[in-house]
2 protein chains.
Amino acid sequence: MKDQTPEPTATERYIGIGELARESGCKPETVRYYEQIGLLPSAPRNEGNQRRYTTAAIRRLTFIRHARDFGFSVEAVRELLQMADYPTMPCEEVDTLAKRHLAEVEARLARLTSVRDELKRMINQCAGGNVGQCHIIDVLSDHRLCHQTGPHGGADVIG
Amino acid sequence: MKDQTPEPTATERYIGIGELARESGCKPETVRYYEQIGLLPSAPRNEGNQRRYTTAAIRRLTFIRHARDFGFSVEAVRELLQMADYPTMPCEEVDTLAKRHLAEVEARLARLTSVRDELKRMINQCAGGNVGQCHIIDVLSDHRLCHQTGPHGGADVIG
DNA sequence: GTAATACCTGTAGTCACTAGAGGTTCAAGT
DNA sequence: ACTTGAACCTCTAGTGACTACAGGTATTAC
């Protein structure tokens, strides 16, 4: 990964898992989990068996959290990390991964948008009477009552 | 739930779990799962211990699948089913549930939209060189490089 | 009669964490 | 030096909504 900060010096301060987690916006449990599944390398331990980290770990974990926030799966993040570790490689694969992810996000957006529209229609048509006359229940009971502009009736529908 | 079809007669044909699943757009495993968690009542069995269903089950399961397709949680579906079972009750609660769900869907849409925009920006700015110069990696490494119109950097970010 | 298909139960796996039990270590204050 | 409380450790189990599999039984078609 590209260094934005100077290299850690020999006298660099080590931090514990709690501070690392705070700095990167996650919880200590999550850090241990990422170590367990190999997204983070096993951290060196102090005399009392507690993990000690440098700023390199903050950068790596921030990268991970940020990619996860973008909705990349853990496996995609693993690949992104591998690529980021070799700055001289062509970035074609990174681009491909990002584009594939964008396509998935857009598909989810489309489905979610059609769900939203249908929900709005359902709610607007509810006259406020009793359940027997309720349009919301009707639409849920019978797919044919849907306006169905988009593909919300598919298999893995909600993103 | 409001009947769209006439009441089942005494001579009605019973169907197996496979046909029920096909009719309602899910798998037999899912039907058994719904029975297990109490969304569907325990089906009567034939001599060989296999579940037999009537069209009532098709209607109920279709309702469930459809509500799930709209993104209602299983617990919300459970409540909707309870309400649908009492057609003379006021539909206020149904309305409330639907509106709450709409709000959640809109929140997810907002987050997802901001993620999509940022992904697009990342990809457009990738000059196609090597990983060391790759804007995608840069943005993932450093949240400050985000355009950040929306709240995609929050806690539970991706819907 | 036999072979293919559908069905049964029960358990474990998925994804990405999160929560808790039960214990150890560290840092600060007295 | 001692005590207290926070932070840390490992290991296991739970979340949601299914899905998959193993190992067996029933039904159906030929």
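On a predicted model such as this, the values are computed, not experimentally measured, just so you know. Computed over heavy atoms, backbone and side chain alike; hydrogens, waters and symmetry mates excluded. So you know, we letter chains A, B, ... as the sequences are listed, proteins then strands, and number each from 1.
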Without swapping roles, check the side chain of [X] against the backbone of [Y] for a donor-acceptor pair under 3.5 Å.
X	Y	value
R116(A)	A103(B)	no
Q125(A)	M122(A)	no
T55(B)	I58(B)	no

**Report entry** nucleotides 7-23 of chain C: protein proximity per nucleotide (B base, S sugar-phosphate only, - neither; heavy atom, under 4.0 Å)
**Finding:** SSB------BBSS----
Extract all donor-acceptor atom pairs below 3.5 Å that involve side chains of residues 90-98 of chain A and protein atoms in other chains or at least two apart in sequence.
| residue | atom | partner | partner atom | Å |
| --- | --- | --- | --- | --- |
| D95(A) | OD2 | K99(A) | NZ | 2.9 |
| T96(A) | OG1 | E92(A) | O | 2.9 |

Query raised in the report: Below 4.5 Å, heavy atoms only, C-beta onward: do L61(A) and Y53(A) meet side chain to side chain?
Result: no
Query raised in the report: With side chains defined as the heavy atoms from C-beta onward, is the minimum distance between T62(A) and S141(B) less than 4.5 Å?
Result: no
Query raised in the report: Under a criterion of less than 4.0 angstrom to any heavy atom of chain A, what are the 5'-terminal and 3'-terminal contacting nucleotides of DNA chain D?
Result: dC8(D) to dT10(D)
Report task. Determine, for R121(A) against E118(A), whether the closest basic-nitrogen to carboxylate-oxygen distance falls under 4.0 angstrom. Result -> yes
Report task. Identify whether the distance between the nearest side-chain nitrogen and carboxylate oxygen of R111(B) and E106(B) falls below 4.0 Å. Result ->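 No salt bridge links R111(B) with E106(B).
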Report task. Identify, with sequence neighbours excluded, every residue that meets ring pair (Phe, Tyr, Trp, His ring centres under 6.0 Å) alongside H101(B). Result ->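 With neighbours one apart ignored, the set is F72(B).
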Atom pairs, N/O to N/O, protein against nucleotides 2-4 of chain C, distance under 3.5 Å?
none

Query raised in the report: According to the side chain to side chain donor-acceptor pair (under 3.5 Å) rule, which pairs have a member within residues 27-36 of chain A, sequence neighbours left out?
Result: Y34(A)-R65(A), E35(A)-R51(A)
